[in-house]
Amino acid sequence: MHQRPVLLVIAHGSRDPRHAATVHALVRRVRSRRPGLRVETGFLDFNVPSVQGVLESLAAEGVRDVVALPLLLTRAFHAKADIPAVLAGAPSRLRIRQAEVLGPSPLLLRALERRLHEAGLTPADKASTGVVLASAGSTDPEAIAVIDDLARKWWRTGWCAVRPAFASAALPRTEDAVRELRSLGCERVAVAPYVLAPGFLPDRIARGAAEADVLAEVLGPAPEVARVLLERYDAAALAPALAAVGA
């Protein structure tokens with residue numbers, strides 16, 4: 001029987017212990033949705049095991065095929081430069097396919113709405129509520145454009161207004177977007193962090209939400225996020241086999 005490629009989830013890593021705990025919770029949900037699929041986790045920085053360490057262990061076991069999936073919401077520097085560089089140093093016996101990043105996806109908008117409902121909003125509140133789509137931010141214009149587009153698409157589903165905000169590298173900040181939505185006349189303002197795990201920048205988003213009425217949790221191990229992860233894995237696993245990365 002043909003062995004399915006191992007799924008290697010590549011997370012950024014953080015000094016904040018909540019980050020790794022949330023990544024592991026998401027990976028557990030992915031495993032529970034796809035029994036029999038081997039799922040490993042590697043970190044680019046701060047946490048162990050490192051991506052390189054996991055790849056070397058897999059090669060030593062005799063694994064041949066790996067799908068490397070960046071645990072990222074946009075295609076910015078890590079997806080375009082960091083991760084390919086790490087994968088290029090993998091043991092030569094491994095055939096590695098790099099999956100697409102998680103966003104954008106309609107499932108992620110559903111996950112954002114789930115978090116807002118868990119924070120106390122109801123579907124009946126939608127038309128009178130303005131939402132700040134608060135992301136970590138990036139210096140990559142492509143990543144910023146994706147967030148702007150996502151905010152427009154989400155607004156078209158019936159919110160009073162949706163404004164993007166960024167915790168770093170781009171403007172506006174969360175607090176400025178909250179004030180703008182107030183000035184537009186939305187009855188209430190909610191902040192939806194478009195981030196996967198807690199940490200320094202999500203904490204900055206939370207501080208910026210001080211004047212909002214509702215602050216949702218990070219996406220974390222939402223079932224919709226696990227579904228997107230498996231969709232990206234399946235698409236990459238079906239792609240034509242690549243030559244060994246290190247060959």
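All values below were derived from every heavy atom in this structure, side-chain atoms included, with hydrogens, water molecules and symmetry-related copies excluded.
- Using a 4.5 Å heavy-atom cutoff, the side chains of Leu7 and Arg38 are not in contact.
- For Arg18, the salt bridge (Lys or Arg N to Asp or Glu O under 4.0 Å) criterion is met by Asp16, Asp203, not counting sequence neighbours.
- In this structure, Arg207 does not pair ionically with Glu175, as no charged nitrogen and carboxylate oxygen lie closer than 4.0 Å.
- Put simply, the side chain of Val67 does not reach to within 4.5 Å of the side chain of Ile96, judged on heavy atoms.
- Residues Val54 and Val39 do not share a hydrophobic cluster, clusters being chains of Ile/Leu/Val/Met/Phe/Trp/Tyr side chains in contact below 4.5 Å.
- Counting only distance, with no hydrogens or angles, the side chain of Arg114 and the backbone of Ala222 share no donor-acceptor pair below 3.5 Å.
- The pair Glu224-Arg110 fails the salt-bridge criterion, with no side-chain N (NZ, NE, NH1 or NH2) lying under 4.0 Å from an Asp/Glu carboxylate O.
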Side chain to side chain contact (heavy atoms under 4.5 Å, CB included) between Asp149 and Arg152, worked out: CA-CA 5 Å; Asp149 186 55; Arg152 280 192 296 274; 3.7 Å; yes
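- Linking Ile, Leu, Val, Met, Phe, Trp and Tyr whenever their side-chain heavy atoms come within less than 4.5 Å leaves Leu87 and Leu69 in two separate clusters.
- Of all the heavy atoms in Leu72 and Ile83, the pair that sits closest is CD1-CD1, 4.1 Å.
- The closest side-chain heavy-atom distance from Thr22 to His24 is not below 4.5 Å.
- Salt-bridge check for Arg179 with Asp176: passed, with a basic side-chain N closer than 4.0 Å to an acidic carboxylate O.
- Taking hydrophobic clusters as Ile, Leu, Val, Met, Phe, Trp and Tyr residues chained together by side-chain heavy-atom distances below 4.5 Å, Val225 shares a cluster with Leu37.
- Side chains of Leu71 and Ile10 form no contact here, defined as non-hydrogen atoms less than 4.5 Å apart.
- Note: Thr41 OG1 to Asn47 CG = 10.5 Å, rounded to the nearest 0.5 Å.
- Here the side chains of Trp154 and Leu112 are in contact, with some heavy-atom distance below 4.5 Å.
- When all heavy atoms of Val51 and Gly42 are compared, the closest pair comes out as CG2-C, 3.7 Å.
- To the nearest 0.5 Å, atoms SG (Cys160) and CD (Glu187) are separated by 8.5 Å.
- Taking a cutoff of 4.0 Å between a charged side-chain nitrogen and a carboxylate oxygen, Asp148 and Lys153 do not qualify as a salt bridge.
- Under a 4.5 Å side-chain heavy-atom criterion applied to ILVMFWY residues, the cluster that includes Phe200 comprises Leu201 as well.
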Criterion side chain to side chain contact (heavy atoms under 4.5 Å, CB included) on Arg204 and Ser168, from CA distance to verdict: CA-CA 9 Å; Arg204 183 180 283 175; Ser168 69; 4.1 Å; yes
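- Looking at heavy atoms from C-beta onward, Val131 lies out of side-chain contact with Arg163 at the 4.5 angstrom threshold.
- Taking the side chain as every heavy atom from C-beta outward, Trp159 and Leu116 approach each other to under 4.5 Å.
- Taking every heavy atom of both residues into account, Arg232 and Leu102 meet most closely at NH2-O, 2.9 Å.
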Working for side chain to side chain contact (heavy atoms under 4.5 Å, CB included), residues Thr74 and Val101: CA-CA 6 Å; Thr74 56; Val101 296; 5.7 Å; no
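- In summary, Arg115 and Glu113 do not engage in a salt bridge, as defined by a charged side-chain N under 4.0 Å from a carboxylate O.
- When Ile144, Leu73, Ile147 are each tested for a side chain to side chain contact (heavy atoms under 4.5 Å, CB included) with Ser135, only one passes: Ile147.
- The shortest distance between side-chain heavy atoms of Thr129 and Val214 does not fall below 4.5 Å.
- A 6.0 Å sphere centred on CD of Glu217 holds no more than 12 heavy atoms belonging to other residues, nucleotides or ligands.
- Here the closest heavy-atom approach between residue Ala151 and residue Pro164 is recorded as CB-CD, 3.9 Å.
- The aromatic rings of His19 and His12 lie perpendicular to each other, with more than 60° between the two planes, well past the 30° mark.
- Using modelled atom types, no side-chain atom of Glu40 and backbone atom of Val6 make a donor-acceptor pair closer than 3.5 Å.
- In the hydrophobic clustering, Leu181 connects to Val132, Val178, Leu184, Val189, Val191, Val195, Ile205, Leu215, Val218, either directly or through intervening members, whenever side-chain heavy atoms lie under 4.5 Å apart.
- Of all non-hydrogen atoms in Ala209 and Thr174, the two that sit nearest each other are N-CG2, 4.0 Å.
- Salt-bridge annotation for Asp213 and Arg182: present, with a side-chain N of the basic residue lying under 4.0 Å from a carboxylate O of the acidic one.
- At distances below 3.5 Å, at least one donor-acceptor pair connects side-chain atoms of Arg173 with backbone N or O atoms of Phe166.
- Leu109 is connected to Leu121 through a chain of hydrophobic side-chain contacts under 4.5 Å among Ile, Leu, Val, Met, Phe, Trp and Tyr, so both are in one cluster.
- Here Asp65 does not pair with Arg4 in a salt bridge; the nearest charged N to carboxylate O distance is not below 4.0 Å.
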Stepwise side chain to side chain contact (heavy atoms under 4.5 Å, CB included) check, Val66 with Arg95: CA-CA 6 Å; Val66 176; Arg95 282 192 302 249; over 6 Å; no
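- Nearest heavy atom pair, residue Gly13 against residue Phe43, reads CA-CD2, 3.7 Å.
- Side chain of Tyr233 to backbone of Pro5: a donor-acceptor contact under 3.5 angstrom is found.
- When atom types are taken as modelled, the side chain of Asp125 and the backbone of Thr122 share a donor-acceptor pair closer than 3.5 angstrom.
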